[in-house]
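Written below as structure tokens is the structure these notes are about.
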Amino acid sequence: MFGLEIWQIALALGVTLFAGFVKGAVGFAMPMIMLSSFASFLPPHQALALLILPTLVTNVMQAFRQGVRAALGSVSRYRLFIAMIVIFIPVSAALVDLIPQALMYALLGGPILAFAIWQISGRQIIMPTRHRAVTETLLGIIGGLYGGISGIWGPPLIIYLISIDAPKQEAVRILGVVFLTGAIILTGSHLVSGVLNAQTIPLSLLMVLPALVGMKLGFKAQDRLDPVRFRRWTLILLGLAGANLLRRALMG
């Protein structure tokens, strides 16, 4: 079916359901879970294509969960980061076949893992508010460059939100807004690059349903998480994401 075996499709559906649950619970990690899992049984471009449309749809749910006004407020507060994502995802998407992915994964995974371990150990990195504009711009550029290549642009923003100790609801909402912005750009970019095509679009659409079901279940879990546990689980998942990126870099 669409170039895949039935077992591959069934496994992809299961992975997407779980990834949707995690995203609903903590607001991120869906593309990281899907891409790292898909890569073990799908070709790289197919793995990337399958996560694009579920990511797009679930980010609409996440960004507007508290309504349009709240989402627009988040856009205003984090406009620099969003602008850099919009600019740099298409730039790196056009270079997807030229840049060694192993190198990019190593450069992203190492700092992410180090940051998570540092924070979990009880030592916090506090971002001075006077440097907010510069920090948002730099992290937005980094997120955009990695996003076009791998479909993953969240870790730099998550690091920033943890550093400024953003409230749980605000953090999840701005993650949804930024992820949605990036997902729109990523979808358009890979319609142009050919990663999304007549064979991969139906498969990506098929992944939307389990993603939505998992997301709904994850929202229920998120509502029960207090801020301390929410932060702890966010750091744990961030650390696992960094470790997985390093694993993929070492595997070449």
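Being a predicted model, the structure only gives us computed values, none of them experimental. Side chains included, hydrogens not; waters and symmetry mates left out as well; all remaining heavy atoms used.
- When hydrophobic clusters are built by joining Ile, Leu, Val, Met, Phe, Trp and Tyr residues whose side-chain heavy atoms come closer than 4.5 Å, directly or via intermediates, Ile52 is grouped together with Val60.
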* To do: Evaluate side-chain contact (heavy atoms from CB on, under 4.5 Å) for Leu191 paired with Ile201, printing each intermediate quantity in order.
  => CA-CA 9 Å; Leu191 283 170; Ile201 287 174; 4.0 Å; yes
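- Between the Ser76 side chain and the Gly73 main chain, no donor and acceptor come within less than 3.5 Å of each other.
- Lys168 contributes a side-chain N or O that, together with a main-chain N or O of Leu225, makes up a donor-acceptor pair within less than 3.5 Å.
- Side-chain contact between Leu240 and Asn244 is absent, with no heavy atoms from C-beta onward closer than 4.5 Å.
- For residues 39-65, every residue pair satisfying the salt bridge (Lys or Arg N to Asp or Glu O under 4.0 Å) rule, not counting sequence neighbours, is listed here: Arg65-Asp223.
- The main-chain N or O of Leu53 is found under 3.5 Å from a side-chain atom of Ser204 such that the two form a donor-acceptor pair.
- Under a 3.5 Å cut-off, the side chain of Gln46 and the backbone N or O of Thr200 do not form any donor-acceptor pair.
- A donor-acceptor contact shorter than 3.5 Å is absent between the side chain of Ser37 and the backbone of Met34.
- Residues Met84 and Leu80 do not share a hydrophobic cluster, clusters being chains of Ile/Leu/Val/Met/Phe/Trp/Tyr side chains in contact below 4.5 Å.
- Arg247 places no side-chain N or O within 3.5 Å of a backbone atom of Gly242 that could act as its donor or acceptor partner.
- With hydrophobic clusters built from ILVMFWY side chains whose heavy atoms lie under 4.5 angstrom apart, Leu13 shares a cluster with Leu48.
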* To do: Applying side-chain contact (heavy atoms from CB on, under 4.5 Å), run through Val22 and Trp233 and close with a yes or a no.
  => CA-CA 10 Å; Val22 173; Trp233 279 110; over 6 Å; no
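- Heavy-atom contacts from other residues, nucleotides or ligands closer than 6.0 Å to CD of Gln169 number 12 or fewer.
- With contacts defined as side-chain heavy-atom distances shorter than 4.5 Å, the pair Lys23/Asn59 qualifies.
- Surrounding CZ of Phe18 are at most 12 heavy atoms belonging to other residues, nucleotides or ligands under 6.0 Å away.
- Taking Ile, Leu, Val, Met, Phe, Trp and Tyr as hydrophobic and joining them when side-chain heavy atoms fall under 4.5 Å apart, one finds Leu246 in a cluster with Leu113, Ile117.
- A donor-acceptor contact shorter than 3.5 Å links the side chain of Gln62 to the backbone of Val172.
- Taking the side chain as every heavy atom from C-beta outward, Leu139 and Leu157 never approach each other to under 4.5 Å.
- Checking side-chain atoms of Gln222 against main-chain N and O of Gly24 turns up a donor-acceptor pair under 3.5 Å.
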* Intermediate values then yes/no, side-chain contact (heavy atoms from CB on, under 4.5 Å), Ile162 and Leu238 -> CA-CA 11 Å; Ile162 291 172; Leu238 190 64; 4.3 Å; yes
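- In this structure, Arg77 pairs ionically with Glu170, as a charged nitrogen and a carboxylate oxygen lie closer than 4.0 Å.
- Ring planes of Tyr160 and Tyr78: perpendicular class, angle over 60° (limits at 30 and 60°).
- Counting only distance, with no hydrogens or angles, the side chain of Arg173 and the backbone of Ala70 share a donor-acceptor pair below 3.5 Å.
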* To do: Show your reasoning for whether side-chain contact (heavy atoms from CB on, under 4.5 Å) applies to Ile85 and Ile185.
  => CA-CA 9 Å; Ile85 287 286; Ile185 302 301; 5.6 Å; no
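- Put simply, the side chain of Ile112 does not reach to within 4.5 Å of the side chain of Ile158, judged on heavy atoms.
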